[in-house]
Amino acid sequence: MQIKRVSVKNYRSFEELDIALGKFNVIVGANASGKSNFISIFSFIKNLVEFGLNDAISLVGGIEYLRNVYLLHNDKISLEIEAESLKNGLYRFSPFKEEMAISPKKIIYKLELLITENEKEYQINEEEMKIFCKFFKINIDNEEMKENFLDDGEISILRTNGKIQCKVSSKSEVIDKDLVKRLYLFDDEKISDMRLDPDESIIRGRSIPIPFISFMIERILKGIHLYEINPKPPKEFSRISGKSELEPDGKNLILILKKLLNDKKKEEKLAEIIKDFLPFIEKISIDKLADKYICANIKEIFSKDKFLPASLMSDGTINIIALIIILYFEEKPIIIIEEPEGNIHPFLISKVIDMMKDVSHRMKKQIIITTHNPEIVKYAGIEHLYLMQRNNKGFSNMVKPEENKQVQIFLENQMSIDELFIQNFLG
Amino acid sequence: MGESLEYSLLFLFLEGDDDERFFEQILLERFQELYTEVKIWKYAKKTDIQRKRFIDIVNNEDNWNYLCFRDFDSNTCITSKKESIISKFDRIVIENIFVVVEEIESWYLAGVDNDFLRSIGATNLMDCPSIYITKEKFNHIIPKEMPRIQFMRKILQSYDIDLALTNNKSLKYLFDTLFSIEDG
């Protein structure tokens, strides 16, 4: 799954934004231009899916921090996200004897919040999920599953003022009313009687009688993972218990390393990539300590058998290891990293970018990064660049330098993209 | 210059950050009245090849123009300074060169009087006219505990452009050539 388009209105520093994204996206811009606010769109959606609307809003500090502070006359905040499936995943459902399946191709999720009294209360004004998909009929012959394509179609769930409307349509109307009933598990009329609480999202609306649609959207949007690596905590002793996936700030890096080093194939793969970046690192080991703690040690080629403790590892080394793990070992379809260049020498940046291009183009993971680093700008390529800037009213705006005629003229005349970036000529 | 309604782009070639700060606060709006878009190009750390290439790019585009600003730096006369700039920039048009006398710090001090400078804690104020202020003399009057940037920003916040045009001939020459004095 890949996020194809994001649009927001009256959201944080944006008055209005509608931007198409690619497989590999590098967002540059001055300090306080709105890069982190852009990234927060994804963390907000992820938090909405994982924790619900109230917690998602609470995690940004309240509704007053979600809306644009210069647009107080506008009492609506809207977000829309469009994602496209890169794989042919099938979601099966069998409410009756007959088994059906749908393969989602594109989803659109739209949320409009209404800020009510005293600027601190809010409710969902409108919410919509649309799934553009292929319908299949599943036949099982001699324990062999065969899916027969039925039709292209669309499933939509619209919620206005708490009232829900569901619609299933297919291109050539092969999908009949019976299928609609099987999809809903309920009759149209019963669904239209359903109401949700003003702050209950249809994504997490367990009461919605089409759970597999919510589940599908939830699973897709949960694929978004955000990282901003802090190299300091991995230098300290780490608890032996913790999440099995890398935390957004990388604080459980040592635990993740321990898991990887226990698997021969993964250990070999990790060692090869690390050596390509840092040839002096011969081996990484994890030692168990008393009281359920572990720590990392590295052996350099310069020493015979002496291991150095993680506390002596450089910040850049930790950042590179974390990036390798994020890109090649964490099974995340949408990876967002804020300033991945942290503490990494400019000489190694081209390799970092090569790695990101490899993962985004060949392994079909989507990557979005923010940066201030001219080396990243240089190696990313103009086709992957997005420039965030503030307009004369203070609103953030995102443009593609590739589409800017001035930039094209400069590039045609042998000025380099990083030179233009440093000179602030990308916008 | 840039009076037609069609798109026009002006590049201001400036030496460094002190020039950029002065132009952004005091002069940029005036240039923006003459051109659709104004951009600053800082050339201090550029090689001769990079400078030449940039001027070529701007010269080749219709509706793109540039003005180059350079400190006088105690040269013998404006003409010889402009000639030295031409030798450094190659293909630069002499009409597009403006010499800042003595240095950009002179333009900063031209817009405030000694009473104001004393009020913000300036020390070692000398009697010589601000036009002859060099970077070194300027640094000498900044209060010990005050960051240089803060000192410069305080000056720009209280900047009197009419006073500056009286005090500094090179700044007045720029205004006479490009902007109408009444606007100032």
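Excluded from the calculations below are hydrogen atoms, water molecules and symmetry mates; all remaining heavy atoms, backbone and side chain alike, are included.
Residues B/Gln50 and A/Met415 form no side-chain contact, since every pair of their non-hydrogen atoms from C-beta on lies 4.5 Å or further apart. Taking the side chain as every heavy atom from C-beta outward, B/Ile57 and A/Ile409 approach each other to under 4.5 Å.
Within a 6.0 Å radius of OH in B/Tyr173, other residues, nucleotides and ligands contribute 12 heavy atoms or fewer. Taking a 6.0 Å sphere around CZ of A/Phe280, one finds it holds more than 12 heavy atoms contributed by other residues, nucleotides or ligands. Remark: B/Glu145 CD is loosely packed, at most 12 non-hydrogen atoms of other residues, nucleotides or ligands lying under 6.0 Å away. Within 6.0 Å of CZ on B/Arg148 lie more than 12 heavy atoms contributed by other residues, nucleotides or ligands. For B/Lys82, the NZ atom is densely surrounded, since the number of other residues' heavy atoms within 6.0 Å is greater than 12. Heavy-atom neighbours of B/Ile149 CD1 from other residues, nucleotides or ligands within 6.0 Å: at or below the threshold of 12. A 6.0 Å sphere centred on CD of B/Gln32 holds more than 12 heavy atoms belonging to other residues, nucleotides or ligands.
No part of B/Tyr43 comes within reach of chain A, as not one of its non-hydrogen atoms sits under 4.5 angstrom from that chain. Only the side chain of B/Leu9 comes within less than 4.5 Å of a heavy atom in chain A; its backbone stays farther off.
Using a 4.0 Å cut-off between charged side-chain N and carboxylate O, B/Lys46 and A/Glu419 make no salt bridge.
Two rings, from A/Phe410 and B/Trp64, have their centers less than 6.0 Å apart.
The distance from the NZ atom of A/Lys405 to the CD atom of B/Glu61 is 5.5 Å, given to the nearest 0.5 Å. The CG atom of A/Asn424 lies 9.5 Å from the CD1 atom of B/Ile40; values are rounded to the nearest 0.5 Å.
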Please report the C-alpha distance between A/Gln406 and B/Lys39 in whole Å, then the side-chain angles of each, then the deciding distance to 0.1 Å, and finally whether the side chain to side chain donor-acceptor pair (under 3.5 Å) criterion is met. CA-CA 11 Å; A/Gln406 279 173 31; B/Lys39 292 191 168 184; 2.8 Å; yes
